[in-house]
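Okay, structure first, notes after.
Order of appearance sets the numbers: ligands from 1, and atoms from 1 within every ligand. Fair warning: this is a prediction, and the values are worked out from it, not measured in the lab.
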Amino acid sequence: MSATAPITQDVMTIPRKLPDGPANLVGLTRDQLRDTLIAAGTPEKQAKMRVGQIWQWIYQKGVRSFDEMTNLSKTYRAELAERFVIAVPEVVSKQVSDDGTRKYLVRIAGGHEVETVYIPEEGRGTLCISSQVGCTLTCSFCHTGTQKLVRNLTAAEIIGQVMIARDDLGEWPEPGKHPKDETRLLSNIVLMGMGEPLYNFEAVRDAMKIAMDAEGISLSRRRITLSTSGVVPEIARTADEIGCMLAVSFHATTDEVRDKLVPINKRWPIAELLDALRAYPKASNSERITFEYVMLKDVNDTDEDARRLIKLIKGIPAKINLIPFNEWPGAPYQRSDWDRIEAFADSIYKAGYASPIRTPRGEDIMAACGQLKSATERARKSRKEIAAEAGL
Ligand code: SAH
Ligand code: SF4
């Protein structure tokens, strides 16, 4: 990619309604659900109430058939069943790591596959969800980046990943007993799976609105973190329209190195990215931004890098999440040595920033950061090809 080449999206969008199948109610916003019900004959006067009822069945109680919606008349249930479905993606396989991490291989319309990872932790559980099949971006250390973008996920497929994880965890609460955030198995969502969420903005926004809706899955916006590689124009919009926590894949302290690691940097270089990040906490009313920093041996892990990083982020409420590089077959990098990672973390900590080192989870099942990729779509680039593209 040259410095001026636009980063384009080559996305095949799929219609929400398949030509002759019933439409899926999952993934519709409240307004869309209302319009859909009215178009199908629900009297306008009743529509708001029906939206509320159906919404609760789908997102609070986790039902998948209209028959179970016992506060709707039998005739109305039958009418709904004729026209609509409540469909979530299919789980093709589930792998459970020695450390309890669960990786779901999820099949979506068109036969494509994405991965969703559940990470249990002390007192909480995080679901890492995907927003695209593949990625248009080609970060040179990322396994997903070696897979071309196949398509954007729909809002249904994004929120569907949360629903299938709740199915698997058995976490649809008994009526009237909504669990407190602290006791939930699935208490946090991170948009850190496959894809660049800000290149699928509307679907991600609609799905996260559903996740946050108090009458349904009801997760606080502070428990949702969206990770972007740095799609600058969409950052302000994320604050306005989603308001969740933001993480940024920073990974380098000079444009020269970041151009190679995160090629979107050629379009929106570090200075522009930092300007957008500076405005985010206030606009979204969130405390701080997470800077993700992958530790690559001899590439971005020197004391000088640490010093530069501290200088760059000055004035931004930040936490620096250091990610030991996770290897994947053919990767052109190595993980920094452990004492180097600790020394790096130390300098940042001494400058007054939290600098946790992210413990790799689920490595034995290739579920760790940047290892996700649809098995059926592996591009199988060689180490040499990747290194050449990265200009190394
Ligand atoms: N596309 C988004 C979100 C997905 S990646 C983004 O880039 O932010 C989640 C995090 O894992 C990102 O910070 C990403 O840069 C990092 N990552 C990717 N590949 C990795 C690898 N092999 N080892 C460690 N972290 C990796
Ligand atoms: Fe895409 Fe994120 Fe991987 Fe970069 S790090 S290739 S933006 S998924």
Side-chain angles (χ1 to χ4, degrees), residues 1 7 9 114-117 119 126-150 152-153 158 189-201 204 224-232 234-235 238 244-252 257-268 273 277 289-297 299-301 319-336 341 356-363 366-374 377 379 381 383 386 389-390:
M1 204 182 302
I7 293 166
Q9 279 276 79
V114 292
E115 291 177 328
T116 307
V117 179
I119 308 146
T126 301
L127 191 71
C128 177
I129 60 182
S130 294
S131 55
Q132 299 184 308
V133 185
C135 190
T136 36
L137 304 174
T138 49
C139 303
S140 50
F141 54 89
C142 174
H143 203 198
T144 308
T146 64
Q147 183 186 329
K148 283 213 165 75
L149 178 74
V150 179
N152 277 341
L153 266 57
I158 297 170
I189 293 176
V190 292
L191 281 146
M192 294 187 185
M194 294 163 62
E196 167 49 61
L198 295 189
Y199 270 156
N200 186 13
F201 188 87
V204 166
I224 298 175
T225 304
L226 182 151
S227 173
T228 180
S229 57
V231 185
V232 165
E234 303 290 350
I235 289 178
T238 307
C244 59
M245 306 297 283
L246 187 71
V248 63
S249 294
F250 208 66
H251 304 322
V257 176
R258 196 163 189 270
D259 280 353
K260 287 179 187 155
L261 298 181
V262 189
I264 200 177
N265 193 67
K266 294 178 190 167
R267 178 94 178 261
W268 293 293
L273 175 59
L277 296 177
I289 292 185
T290 301
F291 283 73
E292 296 162 289
Y293 199 95
V294 64
M295 298 299 295
L296 303 170
K297 189 174 185 162
V299 177
N300 63 356
D301 62 353
K319 162 173 126 185
I320 311 349
N321 210 330
L322 300 174
I323 318 176
F325 174 60
N326 293 310
E327 303 231 351
W328 38 272
Y333 300 104
Q334 285 175 309
R335 180 181 291 182
S336 304
I341 299 179
I357 300 169
R358 196 185 283 176
T359 328
R361 297 290 303 263
E363 275 185 302
M366 288 283 285
C369 298
Q371 291 184 318
L372 305 186
K373 189 163 172 177
S374 340
E377 318 245 6
K381 285 191 193 176
R383 186 183 287 262
I386 294 163
E389 276 178 23

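- By heavy-atom distance, the residue among Ser130, Ser249, Gly193 lying nearest atom 4 (C) of ligand 1 is Gly193.
- Near Asn326, the atoms of ligand 1 lying under 4.0 angstrom from a non-hydrogen atom of the residue are 21 (C), 22 (N), 23 (N), 24 (C).
- Counting heavy atoms under 4.0 Å from ligand 1, residue Met192 touches it through both backbone and side chain.
- Contacts with ligand 1 closer than 4.0 Å are made by no heavy atom of Thr144, backbone or side chain.
- Nearest-residue assignment for atom 3 (C) of ligand 1 (options Ser131, Ser140, Ser227, Ala247; heavy-atom criterion): Ser227.
- Side-chain contact check for Ser227 and Glu292: at least one donor-acceptor pair (N or O, by modelled atom type) lies under 3.5 Å.
- The aromatic rings of Phe141 and His251 stand perpendicular to each other, their planes meeting at an angle above 60°, with 30° marking the opposite boundary.
- Across all non-hydrogen atoms, the minimal contact from Pro324 to Ile357 is CG-CG2, 3.8 Å.
- In terms of polar-atom proximity, Arg358 is not counted as a contact of ligand 1, lacking any N or O under 3.5 Å from an N or O of the ligand.
- Assignment of Cys139 to the shell around ligand 1 is not supported, since no heavy atom sits closer than 4.0 Å.
- Using a 4.0 Å heavy-atom cutoff, Trp328 is listed among the residues neighbouring ligand 1.
- The shortest N/O to N/O separation between Leu191 and ligand 1 does not fall below 3.5 Å.
- Among the atoms of Cys142, no N, O or S atom falls under 2.8 Å of atom 1 (Fe) of ligand 2.
- In terms of heavy atoms, Ser229 sits closest to Val262 at O-CG1, 3.7 Å.
- For Asn200 (side chain) and Ser131 (main-chain N/O), a donor-acceptor pair under 3.5 Å exists by modelled atom type.
- Within the 4.0 Å heavy-atom cutoff, Ala331 does not count among the residues contacting ligand 1.
- Using a distance-only test at 3.5 Å, with no hydrogens or angles considered, a donor-acceptor pair links the side chain of Ser140 to the main chain of Lys260.
- Counting heavy atoms under 4.0 Å from ligand 2, residue Cys135 touches it through the side chain alone.
- Looking only at heavy atoms of the protein, atom 4 (Fe) of ligand 2 is closest to Cys139 SG, 2.3 Å.
- Here the protein heavy atom with the shortest distance to atom 2 (Fe) of ligand 2 is Gly195 O, 4.5 Å.
- Ligand 1 has at least one atom lying under 4.0 Å from a heavy atom of His251.
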